[in-house]
Amino acid sequence: MADVIANGIRLNVQRLTPRHGADPDAPIVVMLHGMVIDNLSSLYLSLGTYLANAGCEVICYDLRGHGRSEQTPDGYDMASALADLSGLLTALGVGRPVHLLGNSYGATLALAHSLAHPEQVASLTLIEPPFLVDSLGTQMEHSLSRVLAATSHEDVERWLANNARRAAARTMRTARRLLRDTTLRRDMLATPPFDLARLAAFTAPVLAVYGANSDIIDQAASLSALVPDCTLVVLRNHTHGVLREATGYLRTLTHWWLFERATAPLPTYTPPPGPGHVMPDWVREKVPPPGLGAPDHDHDGRLLRTARDAGATWRG
C-alpha cells in the first residue's frame with residue numbers, strides 16, 4: 001500500500017502490474033469502489049489481481065473518507081470526487097487514456113469523470129451504476145440515510161462486537177463516522193443530474209452490467225438508450241451485489257472487454273439455478289435482518305445458529 005497526496009488530501013493507493021512488468025501499451029485500468037460500506041479491497045480481490053495477471057496495469061484506491069484514505073470533514077460532493085481522481089492520475093504520472101471500472105457509486109463516478117474529461121478515458125466498465133438523469137442526488141442521499149439507520153441499530157452494533165470479523169467491524173465503524181461526522185449525506189443530495197447533451201456526444205465504449213434482481217435494474221434501459229456506444233449485460237438471477245455473486249464471469253467479461261471484444265463474441269453466461277440470488281426485503285430497505293437480536297446460544301451454551309444465520313451477509 002502507498003499514500004499519495006492528490007487534490008490536497010491523502011489517498012491510499014494500490015498499484016498492480018503484471019509479474020514481468022507492464023507492456024508500454026498495456027491497458028491502464030483504474031478501479032472505483034462503492035460508497036460507505038466499501039473500500040478498494042472489493043475490486044482489488046475480485047478483479048484487480050486477475051486483470052493485472054492478464055497484462056493490465058491496475059490502479060485501485062480508497063475514495064476520500066473510505067478505507068485507509070483520509071477522512072475529511074467535508075468534500076464528498078461529485079466535483080471534489082472528480083478532482084480527487086484527476087489529482088491522483090496526475091500524481092501517479094498517468095499520461096494516457098485509462099479504462100475506468102467502477103462498481104455502484106464508483107460506476108457513477110466513473111461516468112461523471114468520463115463526461116467531464118473524455119480525453120482521459122479509453123473505455124468504461126460500469127457495474128450496477130445508479131443512473132438517474134433527474135433526482136440522482138436525492139436517491140443516493142435517501143439510500144445513505146437508510147444505511148445510517150441500519151448501522152446505528154443496537155442489535156447491529158452488538159452483533160458486530162460479538163460475531164463480525166475485525167475487518168467487517170472496522171468497515172462498519174468507518175461507515176458510521178462517514179455518515180455521522182462528515183458532510184457526505186448533504187453533499188450527495190447536491191449531486192447534479194447527468195447532462196443529456198454530454199451523454200449523447202460521448203464516444204468512448206461503455207460496458208454496463210446489472211443484475212436482473214437488482215433494486216436499480218429499472219435504470220439500466222435509460223443508460224443504454226442515452227449512451228451511444230453502450231454494451232448492456234443483464235445477469236439473470238443476480239442482485240446489486242453482482243460483483244460478489246458473479247465474480248468468475250465478470251473476470252471473463254472484463255478480459256473480453258479489454259482484450260478481445262473486436263475479434264470475439266460476448267462471452268456466454270450460465271446463471272445459477274432456480275431463483276439464484278434474490279435481494280431480501282431487509283437488504284432492499286437497508287434495515288437490520290429479522291432475528292438479529294435473538295440469542296446465538298441456549299441456556300446450556302449450545303449453538304442455536306451460525307453467524308451467517310444472524311446476518312453475517314448484511315450489506316449496506
Side-chain angles (χ1 to χ4, degrees), residues 1-16 28-45 48 58-94 98 100-117 120-121 124 126-130 136-137 139-145 147-148 151 167-168 170-192 194 243 315-316:
M1 297 290 182
D3 287 342
V4 173
I5 302 301
N7 193 31
I9 68 165
R10 178 183 52 79
L11 297 176
N12 178 51
V13 181
Q14 178 70 58
R15 198 165 186 173
L16 303 172
I28 301 175
V29 182
V30 179
M31 297 189 166
L32 306 169
H33 65 75
M35 180 66 74
V36 180
I37 307 180
D38 202 2
N39 54 55
L40 69 78
S41 65
S42 61
L43 287 166
Y44 175 94
L45 295 172
V58 177
I59 299 170
C60 299
Y61 74 101
D62 286 323
L63 300 179
R64 176 192 295 250
H66 294 71
R68 299 180 184 276
S69 286
E70 182 179 351
Q71 189 170 106
T72 58
D74 54 18
Y76 296 91
D77 55 288
M78 183 63 75
S80 295
L82 296 179
D84 290 351
L85 176 53
S86 291
L88 176 65
L89 295 177
T90 298
L92 293 177
V94 177
V98 300
L100 292 179
L101 187 156
N103 179 50
S104 193
Y105 169 78
T108 301
L109 174 58
L111 180 57
H113 181 84
S114 301
L115 296 178
H117 304 283
Q120 297 180 3
V121 178
L124 281 176
L126 309 178
I127 303 172
E128 280 283 319
L136 178 61
Q139 181 201 52
M140 291 194 292
E141 193 280 332
H142 179 59
S143 179
L144 293 179
S145 296
V147 171
L148 177 60
T151 58
R170 183 173 60 245
T171 298
M172 198 67 75
R173 287 193 296 269
T174 299
R176 283 201 294 263
R177 287 197 300 270
L178 261 174
L179 293 168
R180 290 173 174 172
D181 303 335
T182 75
T183 60
L184 175 64
R185 290 166 58 200
R186 185 182 70 197
D187 291 347
M188 285 297 101
L189 190 61
T191 301
F194 284 110
L243 175 66
R315 295 290 188 275

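Keep in mind that this is a model prediction, so the values were computed, not measured. By convention here, the first residue in the shown sequence is residue 1.
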What verdict does the side-chain contact (heavy atoms from CB on, under 4.5 Å) test give for Tyr44 and Leu16, after you've listed the backbone C-alpha separation in whole Å, the side-chain angles of each residue and the deciding distance to 0.1 Å?
CA-CA 9 Å; Tyr44 175 94; Leu16 303 172; 3.4 Å; yes
I'd like to know if the side chain of His66 reaches the main chain of Asp38, judged simply by a donor and an acceptor atom lying under 3.5 Å from each other, with no hydrogens or angles considered.
no
Just so I know, are the side chains of Val98 and Gln120 near enough to count as touching, which here means a heavy-atom distance under 4.5 Å?
no
Shortest non-hydrogen separation from Ala107 to Gly102 and the atoms involved:
CB-O, 3.3 Å
Sequence neighbours excluded, the answer for salt bridge (charged side-chain N to carboxylate O under 4.0 Å, His left out) partners of Asp84 is Arg64
Taken to the nearest 0.5 Å, the spacing of Thr182 OG1 from Asp187 CG works out to 7.5 Å
To the nearest 0.5 Å, what is the distance between CD1 (Ile127) and CG (Asn103)?
5.5 Å
Stepwise, does the side-chain contact (heavy atoms from CB on, under 4.5 Å) test hold for Thr191 with Asp77?
CA-CA 7 Å; Thr191 301; Asp77 55 288; over 6 Å; no
What is the distance from atom CG of Asp3 to atom CZ of Arg10, rounded to the nearest 0.5 Å?
5.0 Å
Chi angles and distances behind the side-chain contact (heavy atoms from CB on, under 4.5 Å) call for Tyr61, Leu88
CA-CA 9 Å; Tyr61 74 101; Leu88 176 65; 3.3 Å; yes
Which heavy atom of Ser104 sits nearest to which heavy atom of Pro130, and what is that distance?
O-CD, 3.3 Å
Would you say the side chain of Leu32 lies within less than 4.5 Å of the side chain of Thr108, judging by non-hydrogen atoms?
no
Close side-chain approach of Leu11 and Glu70, heavy atoms under 4.5 Å:
no
Atom pair CG (Asp62) and CG (Leu40), whose distance is rounded to the nearest 0.5 Å
4.0 Å
Between Gln71 and Tyr76, is there a side-chain heavy-atom distance shorter than 4.5 Å?
yes
Work out which heavy atom in Cys60 is nearest to a heavy atom in Met31; give both atom names and the distance.
SG-SD, 3.8 Å
Taking the side chain from Asp74 and the backbone from Thr183, do they hold a donor-acceptor pair closer than 3.5 Å?
no
What's the separation between atom CD in Gln14 and atom CG in Asn39, rounded to the nearest 0.5 Å?
12.0 Å
Residues passing the side chain to side chain donor-acceptor pair (under 3.5 Å) test with Ser86, sequence neighbours excluded, are none
Please examine the side chains of Ile59 and Val13, heavy atoms only from C-beta on, and report whether any two atoms are closer than 4.5 Å.
yes
Passing candidate, side chain to side chain contact (heavy atoms under 4.5 Å, CB included) with Val30, options Val58, Val121, Leu89, Leu92
Leu89
Nearest heavy atoms of Ala6 and Gly87, plus distance in Å
CB-C, 3.5 Å
Do Met188 and Tyr105 make a side-chain contact, defined as non-hydrogen atoms from C-beta onward lying under 4.5 Å apart?
yes
Quick one: pull up NE2 in His113 and CE in Met78 and give me the separation to the nearest 0.5 Å.
12.0 Å
Exactly one of Leu243, Leu109, Leu63 should register a side chain to side chain contact (heavy atoms under 4.5 Å, CB included) with His33. Which one does?
Leu63
